[in-house]
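Single-structure report; data block below.
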Amino acid sequence: MSTTDTENGVRVGIVGLGGIGNHHAERLTDLGEHLVGGVDVVEDARNAFSERWDVPTYESYDDLYEAGIDAVIVTTPNKFHEQYAVQALESGVDVLLEKPLANTLESAERIAAAAREAEGFCMVGFNNRFHPGVEVFKAEQAAGRFGDVMHIEANWVRRRGVPGRGGWFTTKEISGGGALIDIGVHIIDLALHFAGFPDVVEVSGETRAEFGGREDYTYLEMWGEDQADISFDVDDSVTAYLRTESGASIALEVAWAANRPPKNEFSVQGTKAGASFDRESGELVVHETSDEGAPHHEDTVVETRDVDIHEAEQECFFDAVRAGEGPERNTVEQGLQVQRVIDAIYRSSESGAAVRLD
C-alpha cells in the first residue's frame with residue numbers, strides 16, 4: 001500500500017467514472033472510507049464525478065497514485081482492466097477489479113501474474129457471492145448437509161435485455177464477448193463457488209447471436225441506450241456444459257434475449273440434499289428427503305435479511321486492505337479459472353467440439 005494509516009478510513013481511488021464507478025463511490029462513502037479521487041480518459045466523466053463527489057479527477061493513474069491511496073477500484077470497460085490493475089499492483093496498491101478479470105484469457109493471465117508478484121492483492125468483483133442465501137448455503141455445505149455436489153444447473157436468461165447496442169458491451173474488441181462475458185461470468189463463478197471450485201476438465205458450448213443485430217429487435221426496456229451506429233459482433237445467448245475433476249457437472253444457460261420466460265435460478269444437486277437459489281429474489285430453498293416418522297420430501301425456505309451485496313463485497317475488500325492480506329474469497333486465481341471456462345466455451349462453439357482443459 002502507498003499509505004499505512006487507515007484508522008480514518010481506507011484512502012480509495014476509482015478508475016472508470018461511469019455508472020458503476022459512481023455506484024462504488026456511493027457504497028464506499030456509506031461505509032466511511034475516504035474517496036481520494038478518480039481517473040477517466042473522458043473529460044465529461046471526470047467533470048461530472050468531480051462535481052458530484054467534490055474530489056479531484058485525473059486523466060492518468062499516476063496522478064491518482066501521487067495523491068496518496070491505499071486501494072483502487074477498477075470499473076473500466078473490460079479491455080482496459082489489465083492496464084490499470086497491473087499498474088496499481090506494481091505500485092503496491094490493493095485492487096478491487098470489476099468482473100470479468102479481462103476481455104481475453106491472455107490479458108487475464110497477465111493480471112494474475114502481476115498479482116502473484118505484487119506487494120498488494122487483487123480481489124475480483126463477483127458480488128453475487130455475498131447474497132445471504134449464498135452465504136447460508138456455503139455454511140450448510142461446510143457442515144456436510146448437502147453431501148457431495150453432483151450437478152448444478154445455472155441460469156441467467158433475460159427475455160429481452162441486450163445492453164445499449166453499439167456501445168462497448170456489444171463490441172467484442174473492447175468487451176471480449178457478449179452475454180457470456182457480461183452476465184454469464186457471474187453464473188459461472190457462482191456455480192463453481194457452489195461446487196467448491198473444482199478444476200474444470202472439459203467444456204462444451206454453443207454461442208448464438210440471434211437478436212442484437214436485428215433491425216426489428218423489440219424490447220420493453222433496456223439498460224443503456226442504442227448508439228447511432230448499432231454495431232453488434234458478440235453473442236446474445238449461450239448454452240454450455242462443464243465437467244469437473246471432482247465429478248460434478250455444470251449446465252449453463254445464459255441469454256441477453258430469448259423467446260422464453262426469464263429465469264435467474266440455480267439448482268444444486270447433492271448426495272444428501274439439494275438446493276434452489278433464485279439470484280434475483282435471493283431466496284434459498286433446501287430440498288431433502290427422509291424416512292423419519294414416515295417417508296417424505298421436505299422443502300425448507302431459508303429467510304434472510306436484505307443485504308446490499310455490493311456494499312458487503314466492498315466491506316470484505318476494505319477489511320482485507322486494513323489487515324494487509326488478501327481475502328480467501330473472490331481471488332484473482334478464481335477469476336482466472338472463470339476466464340479459462342469462458343475462453344473454452346467460445347473455442348468449443350467455434351470448433352463445434354468439446355475442449356479439454358486438463
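The backbone N or O of T171 sits less than 3.5 Å from a side-chain atom of S175, completing a donor-acceptor pair. No side-chain donor-acceptor contact under 3.5 Å links S204 to the backbone of Y241. Not one N or O on the side chain of S349 forms a donor-acceptor pair closer than 3.5 Å with the backbone of I345. The closest donor-acceptor contact from the side chain of N330 to the backbone of V124 lies under 3.5 Å. Using a distance-only test at 3.5 Å, with no hydrogens or angles considered, a donor-acceptor pair links the side chain of S50 to the main chain of V55. The backbone N or O of G133 lies less than 3.5 Å from no partner atom in the side chain of K138, so there is not a single donor-acceptor pair. For Q334 (side chain) and T331 (main-chain N/O), a donor-acceptor pair under 3.5 Å exists by modelled atom type. Not a single donor-acceptor pair under 3.5 Å links the side chain of Q269 to the backbone N or O of H151. A donor-acceptor pair is defined here as one N or O able to donate and one able to accept, closer than 3.5 Å; such a pair exists between the side chain of D40 and the backbone of L17. Put simply, the side chain of D291 never gets that close to the backbone of A294: no donor and acceptor are under 3.5 Å apart.
Side-chain contact between D182 and W156: absent, with no pair of heavy atoms (C-beta onward) separated by less than 4.5 Å. By the 4.5 Å heavy-atom criterion applied to side chains, L190 and F126 are not counted as neighbours. The closest side-chain heavy-atom distance from R243 to V200 is not below 4.5 Å. For the pair R260/R159, no side-chain contact is recorded, criterion being any heavy-atom separation below 4.5 Å from C-beta on. The side-chain heavy atoms of H131 and F277, taken from C-beta on, include a pair separated by under 4.5 Å. In this structure, the side chains of D233 and T170 stay at 4.5 Å or more apart for every pair of heavy atoms. Between L242 and V201, every side-chain heavy-atom pair lies at or beyond the 4.5 Å cut-off. Side-chain contact check for F80 versus V74: every heavy-atom pair is 4.5 Å or farther apart.
Within 6.0 Å of NZ on K172 lie no more than 12 heavy atoms contributed by other residues, nucleotides or ligands. Counting heavy-atom neighbours within 6.0 Å of E325 CD, excluding the residue itself, gives a total of 12 or less. Within 6.0 Å of CD in Q227 there are more than 12 heavy atoms belonging to other residues, nucleotides or ligands. Environment of CG in D54: sparse, with no more than 12 heavy atoms of neighbouring residues, nucleotides or ligands closer than 6.0 Å.
Ring centers of F317 and F121: under 6.0 Å apart, within the cut-off. Taking the six-membered ring for Trp, F194 and F137 have ring centres closer than 6.0 Å. Ring centroid separation for the pair F232 and F211 does not come in under the 6.0 Å cut-off.
A salt bridge is defined here as a Lys NZ or Arg NE, NH1 or NH2 lying under 4.0 Å from an Asp or Glu carboxylate O, and E333 with R116 meets this definition. Salt bridge status for R52 with E26: present, with a side-chain N to carboxylate O gap under 4.0 Å. With salt bridges taken as basic N to acidic carboxylate O contacts below 4.0 Å, none links K263 and E253. A salt bridge is absent between R27 and D30: the closest approach of a Lys/Arg side-chain nitrogen to an acidic carboxylate oxygen does not fall below 4.0 angstrom.
When only modelled atom types and interatomic distance are considered, D235 and Y346 share a side-chain donor-acceptor pair under 3.5 Å. No side-chain donor from either of E98 and T75 sits under 3.5 Å from a side-chain acceptor of the other. Under the 3.5 Å distance criterion, with hydrogens and angles disregarded, a donor-acceptor pair is assigned to the side chains of S60 and D63. Side-chain N/O atoms of N22 and W53 include a donor and acceptor closer than 3.5 Å. Judged by distance alone, the side chains of H287 and S276 do bring a donor and an acceptor atom under 3.5 Å apart. Side-chain contact, H297 with E288: no donor N or O sits under 3.5 Å from an acceptor N or O. Between the side chains of Q337 and D189, no donor-acceptor pair of N or O atoms lies under 3.5 Å. Side-chain N/O atoms of S237 and R208 include a donor and acceptor closer than 3.5 Å.
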Determine whether L97 and H81 satisfy the following criterion, side-chain contact (heavy atoms from CB on, under 4.5 Å), listing intermediate values before the conclusion. CA-CA 7 Å; L97 179 62; H81 282 189; 3.6 Å; yes

Which is it for R160 and N259 under the side-chain hydrogen bond (donor to acceptor under 3.5 Å, both in side chains) test, yes or no, and what are the steps along the way? CA-CA 8 Å; R160 291 292 186 274; N259 287 328; 2.9 Å; yes

Candidate pair V12 and V36, rule side-chain contact (heavy atoms from CB on, under 4.5 Å), full reasoning: CA-CA 6 Å; V12 190; V36 172; 5.9 Å; no

Between R165 and D226, does the salt bridge (Lys or Arg N to Asp or Glu O under 4.0 Å) criterion hold? Intermediate values first, please. CA-CA 5 Å; R165 295 174 299 166; D226 280 343; 2.8 Å; yes

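The side-chain tip of R329 points at the ring of F130 from less than 6.0 angstrom away and within 45° of straight on.
Summarising the geometry of Y61 relative to A88, their closest heavy-atom pair is OH-CA, 3.4 Å, with the distance given to 0.1 Å.
When each of Q339, E82, Q83 is tested with I111 by the rule side-chain contact (heavy atoms from CB on, under 4.5 Å), just one qualifies, namely E82.
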